[in-house]
Novice: 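Can you keep this structure in mind? I'll have questions shortly.
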Amino acid sequence: MRISWQYTGNEPIKLKTFIRNQGISRHLMAKVRGDGGKVLINGVENRRIDKINPQTVLTIKFPPEENRKNDLIPSYVPLKILYEDRDFLIIDKPDHVNSIPSVPQRKDSLVNRVDGYYHLRGYDDLIPHIVTRLDRDTSGVALFAKHRYAHALLSQQMKQHAIKKTYLALLSGNLREDHLVIDRQIGRVPGSLIERQVVSSGGQEAQTELWVKKRLPDCTVCDVRLHTGRTHQIRVHCKSIGYPLVADTLYGGQIQLPLQRQGLHCRKIEFYHPFKKQMMTFESLLPQDMKKYLELEEHKKTGR
């Protein structure tokens, strides 16, 4: 894959400065060169040049990426694709699927499925770069970069909190406030590799913002936005205020059929497309189990 830029400044600029301004770190550049990539100046390879002049075209030829180092096993379970272009792949993730492979689930995760999709499409020089992970039982929009440069640019947006994910969450009971910001540190539960809890000190800073959309007999429907990205953040914060997610048994929620997994769905993602130079928004429809549960709650409320 090749990506080109034209330097439009008025004065000569150092080559390494121009490359850094494109969001390519020294580490990524070293990896590109070390794996056989090339830097072309006006179409000619030149490793000795220090500066480039106005109107110079810089091209980086990115090498193929090796995807067998971690023994990734392709899965050919079909994907629901919301969007795809040269640089990004947006997936509508179902529940009960890990985002990445784990020891007990090495053969089928969202990453395995994307790898299988790449094989079927003949994308032999690509590997899956997952940008936004969702818990196993959380459904909704998941963002993948299709090459390491795109991944690096979105990682910068992640650090700047510029990628905005909006979740729809079903909280047990009726939350009194219409709008709430939870600002509480999160740490591990001693002796558990999975469970997290709110801690008074020594944890990771975490902020979660909620807006109530609807109150139903047994739950409160909320839009939720994360201002930090901690493991199980929404689930832990909702438990900490006394309103665990419906059916989130790990954090105190009760199974309420037909919902048998936490009532949490990433319904929208917004990010800046660095190649198209525009904001992009993608949405996922509410899955059937959450939709059916809400219909039953509406029936309780209206009696119809």
Side-chain angles (χ1 to χ4, degrees), residues 93 95-105 109-111 130-143 154-213 219-255 259-271 290:
K93 176 189 173 297
D95 59 278
H96 300 300
V97 177
N98 287 348
S99 286
I100 62 174
S102 63
V103 173
Q105 297 287 337
S109 71
L110 201 59
V111 166
I130 189 166
V131 179
T132 60
R133 300 182 187 183
L134 300 175
D135 289 347
R136 172 180 171 80
D137 290 335
T138 300
S139 53
V141 188
L143 170 60
L154 287 195
S155 292
Q156 292 178 14
Q157 291 189 40
M158 290 282 283
K159 290 177 182 177
Q160 297 163 358
H161 306 294
I163 297 179
K164 301 186 185 304
K165 293 192 293 181
T166 302
Y167 292 81
L168 188 136
L170 308 180
L171 279 62
S172 302
N174 282 162
L175 185 65
R176 292 177 219 158
E177 299 91 337
D178 292 328
H179 173 249
L180 180 65
V181 176
I182 306 170
D183 189 351
R184 297 179 178 180
Q185 293 185 28
I186 292 175
R188 289 182 180 273
V189 171
S192 175
L193 296 176
I194 300 174
E195 194 173 355
R196 267 56 172 183
Q197 64 182 352
V198 162
V199 295
S200 57
S201 63
Q204 295 179 304
E205 297 294 331
Q207 295 85 37
T208 303
E209 191 166 8
L210 299 91
W211 294 265
V212 171
K213 297 183 68 177
C219 77
T220 305
V221 183
C222 295
D223 267 347
V224 181
R225 179 153 304 165
L226 299 177
H227 298 294
T228 53
R230 310 305 180 198
T231 300
H232 296 179
Q233 181 174 321
I234 294 173
R235 301 165 66 187
V236 172
H237 272 173
C238 288
K239 175 186 178 180
S240 75
I241 61 171
Y243 298 90
L245 296 182
V246 172
D248 187 1
T249 55
L250 182 63
Y251 291 107
Q254 300 297 312
I255 294 290
L259 198 57
Q260 301 183 62
R261 50 96 179 191
Q262 68 250 18
L264 189 61
H265 177 70
C266 184
R267 69 173 187 84
K268 182 168 70 173
I269 191 167
E270 303 166 79
F271 69 97
M290 292 180 69

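If you read the sequence from its start, that first residue is 1, and numbering goes on from there.
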Novice: Do Ile100 and Arg133 have side-chain heavy atoms sitting under 4.5 Å apart?
Specialist: yes
Novice: Determine, step by step, whether Phe271 and Gln157 satisfy the side-chain contact (heavy atoms from CB on, under 4.5 Å) criterion, reporting the C-alpha distance in whole Å, the side-chain angles of both residues, the deciding distance to 0.1 Å, and the verdict.
Specialist: CA-CA 8 Å; Phe271 69 97; Gln157 291 189 40; 3.8 Å; yes
Novice: Distance check, rounded to the nearest 0.5 Å: Leu170 atom CG versus Gln262 atom CD?
Specialist: 10.5 Å
Novice: Measure the CG-NE2 distance between Asp183 and His237 for me, rounded to the nearest 0.5 Å.
Specialist: 7.0 Å
Novice: Do Val141 and Lys268 make a side-chain contact, defined as non-hydrogen atoms from C-beta onward lying under 4.5 Å apart?
Specialist: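 Result no, sub-4.5 Å side-chain heavy-atom pair not found.
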Novice: Would you check if Thr138 and His265 make a side-chain contact, meaning some heavy-atom pair closer than 4.5 Å?
Specialist: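 Not touching, per the 4.5 Å side-chain cut-off.
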Novice: For Val221 and Leu168, what are the C-alpha separation, side-chain angles and deciding distance, and is it a side-chain contact (heavy atoms from CB on, under 4.5 Å)?
Specialist: CA-CA 7 Å; Val221 183; Leu168 188 136; 4.0 Å; yes
Novice: Any side-chain to backbone donor/acceptor pair from Gln260 onto Ile255? Under 3.5 Å, distance only.
Specialist: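 Such a contact is absent between Gln260 side chain and Ile255 backbone.
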Novice: Carefully, step by step, assess Ser99 and Ile130 under the rule side-chain contact (heavy atoms from CB on, under 4.5 Å).
Specialist: CA-CA 8 Å; Ser99 286; Ile130 189 166; 3.9 Å; yes
Novice: Have a look at His227 and tell me which of Gln233, His161, Glu209 forms a side chain to side chain donor-acceptor pair (under 3.5 Å) with it.
Specialist: Glu209
Novice: Which pairs count as ring pair (Phe, Tyr, Trp, His ring centres under 6.0 Å) when at least one residue sits in residues 171-196, sequence neighbours excluded?
Specialist: His179-Trp211
Novice: So does Gln254 have more than 12 non-hydrogen atoms from other groups sitting under 6.0 Å from CD?
Specialist: no
Novice: Minimum heavy-atom separation for Ala142 and Leu110, please, with both atom names.
Specialist: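 Scanning both residues, the minimum pair turns out to be CB-CD2, 3.8 Å.
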Novice: Could you tabulate the donor-acceptor pairs under 3.5 Å formed by side-chain atoms of residues 191-198, not counting sequence neighbours?
Specialist:
unit_1, atom_1, unit_2, atom_2, d
Ser192, OG, Ile194, N, 3.1
Ser192, OG, Glu195, N, 2.9
Arg196, NH1, Leu193, O, 3.3
Arg196, NH1, Ile194, O, 2.9

Novice: Side chains of Ile241 and Leu175: closer than 4.5 Å at any heavy-atom pair?
Specialist: yes
Novice: Provide the closest heavy-atom pair for Ser200 versus Gln185 in the form atom of the first, atom of the second, distance.
Specialist: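 Heavy atoms of Ser200 and Gln185 come nearest at O-NE2, 4.1 Å.
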Novice: Look only at the side chain of Arg184 and the backbone of Gln207, and say whether a donor-acceptor pair between them is shorter than 3.5 Å.
Specialist: no
Novice: Do Leu264 and Ile234 come within less than 4.5 Å of each other through their side chains, counting heavy atoms only?
Specialist: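 Heavy-atom side-chain distance check passes, below 4.5 Å.
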Novice: Quick one: CD on Gln204 to OG1 on Thr231, what's the gap to the nearest 0.5 Å?
Specialist: 7.0 Å
Novice: Return the minimal non-hydrogen interatomic distance between Val199 and Gly187, and the atom names on each side.
Specialist: CG2-N, 3.9 Å
Novice: Kindly indicate, with the supporting measurements, whether the criterion side-chain contact (heavy atoms from CB on, under 4.5 Å) is fulfilled by Val181 and Thr208.
Specialist: CA-CA 6 Å; Val181 176; Thr208 303; over 6 Å; no
Novice: Measuring from atom CG of Asp178 to atom SG of Cys222, what distance do you get when rounded to the nearest 0.5 angstrom?
Specialist: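 Here the rounded value is 9.5 Å.
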Novice: If you take all heavy atoms of Pro244 and Gly253, which pair is closest and at what distance?
Specialist: CB-N, 3.8 Å
Novice: Would you tell me whether Arg267 and Thr166 have side-chain atoms, one donor and one acceptor, within less than 3.5 Å of each other?
Specialist: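 Thr166 and Arg267 do not have a side-chain donor-acceptor pair below 3.5 Å.
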Novice: With the side chain counted from C-beta on, respond yes when Asn98 and Val111 share a heavy-atom pair under 4.5 Å apart, and no when they do not.
Specialist: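 No. Closest side-chain heavy atoms not under 4.5 Å.
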Novice: Between Ile182 and Leu210, is there a side-chain heavy-atom distance shorter than 4.5 Å?
Specialist: yes
Novice: Identify the two heavy atoms, one from Lys93 and one from Arg136, that lie closest to each other, and give their separation to 0.1 Å.
Specialist: NZ-O, 3.0 Å
Novice: What's the spacing between Ser172 OG and Tyr251 OH if we round to 0.5 Å?
Specialist: 14.5 Å
Novice: Provide the closest heavy-atom pair for Cys266 versus Leu134 in the form atom of the first, atom of the second, distance.
Specialist: CB-CD2, 4.0 Å
Novice: Once rounded to the nearest 0.5 Å, what's the spacing between atom CG of Leu245 and atom OH of Tyr167?
Specialist: 11.5 Å
Novice: For Arg261, which residues count as a side chain to side chain donor-acceptor pair (under 3.5 Å) partner, sequence neighbours excluded?
Specialist: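 Here the qualifying residues are Ser139, Asp289.
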Novice: Please walk me through it: do Lys239 and Asp248 pass salt bridge (Lys or Arg N to Asp or Glu O under 4.0 Å)?
Specialist: CA-CA 9 Å; Lys239 175 186 178 180; Asp248 187 1; over 6 Å; no
